[in-house]
Amino acid sequence: MSGELTELQEQIIRFYHHNPFVEYLHIKVQPLATGEVRLELPVDEVHTNLYGIAHGGVLMTMADTAMGAACLACNKKVVTISLTTDFMHAVPLTETVVTTAKVLHDGRHTMTCECELQSKHGKIFAKAHANFYVLGQFVE
């Protein structure tokens, strides 16, 4: 990203660097010039299941985190109500998964988002959809 980060983007990065599970999985949180947040995950052995592919729970965590970040970018602090993920292709070891989420509904009490988990070349591994409950403003 060229230029300076906004205060909100800096707060989002700090927020996720204090999230032990996101840090444990080594998910990289990158603000974009558009105000969106992009997540990247280089799939390592710790992310895989017995078949040597990314565990579905890791991908769901990434989707949940990306959609939560989209809510934070709207200055809303949220918790997940529901999350649905459709898996289309296995993610092999050493692949990098990238995603940005889109807010579909930005309400006072609830938000709805969607995202696609893709390779850097655009191959779609999974799509996710979630509903969130708004706890309040992220930055007062």
Between [atom1] of [X] and [atom2] of [Y], what distance do you get to the nearest 0.5 Å?
X      : Y      : atom1 : atom2 : value
Thr80  : Met60  : OG1   : CE    : 10.0 Å
Met67  : Thr99  : CE    : OG1   : 8.0 Å
Lys102 : Thr100 : NZ    : OG1   : 9.5 Å
Leu8   : Phe15  : CG    : CZ    : 11.5 Å
His26  : Glu40  : NE2   : CD    : 14.5 Å
Leu25  : His47  : CG    : NE2   : 5.0 Å

Cluster link [X] to [Y], ILVMFWY, side chain under 4.5 Å:
X     : Y      : result
Ile81 : Leu135 : yes
Val46 : Leu39  : no
Val98 : Val29  : no

For [X], is the [atom1] atom crowded, meaning more than 12 foreign heavy atoms sit under 6.0 Å from it?
X      : atom1 : value
His105 : NE2   : yes
Arg14  : CZ    : yes
Gln137 : CD    : yes
His55  : NE2   : no

Legend entry - Pairing residues for Val134 by the side chain to side chain contact (heavy atoms under 4.5 Å, CB included) criterion, not counting sequence neighbours: Lys76, Val78, Met111
Legend entry - Listed partners of Ala126 passing side chain to side chain contact (heavy atoms under 4.5 Å, CB included), at least two apart: Thr85, Phe87, Leu117
Non-hydrogen side-chain atoms of [X] and [Y] separated by less than 4.5 Å:
X      : Y      : answer
Glu114 : Lys127 : no
Ile12  : Pro31  : no
Phe21  : Thr65  : no
Val37  : Leu72  : no

Looking only at heavy atoms, which two atoms of [X] and [Y] are closest? And how far apart?
X      : Y      : value
Ala130 : Leu83  : CB-CD1, 3.9 Å
Ala101 : Ala70  : CB-CB, 3.9 Å
Tyr16  : Ala69  : OH-N, 3.2 Å
Cys74  : Val103 : SG-CG2, 4.0 Å

Legend entry - Residue that, paired with Thr48, satisfies side chain to side chain contact (heavy atoms under 4.5 Å, CB included) out of Val91, Leu93, Ile53, Val58: Leu93
Legend entry - With sequence neighbours excluded, residues passing ring-ring contact (aromatic ring centres under 6.0 Å, His included) with Phe125: none
Are any side-chain N or O atoms of [X] and backbone N or O atoms of [Y], one a donor and one an acceptor, separated by less than 3.5 Å?
X     : Y      : result
Tyr51 : Ala90  : no
Glu23 : His18  : no
Gln9  : Thr6   : yes
Asn75 : Val139 : yes

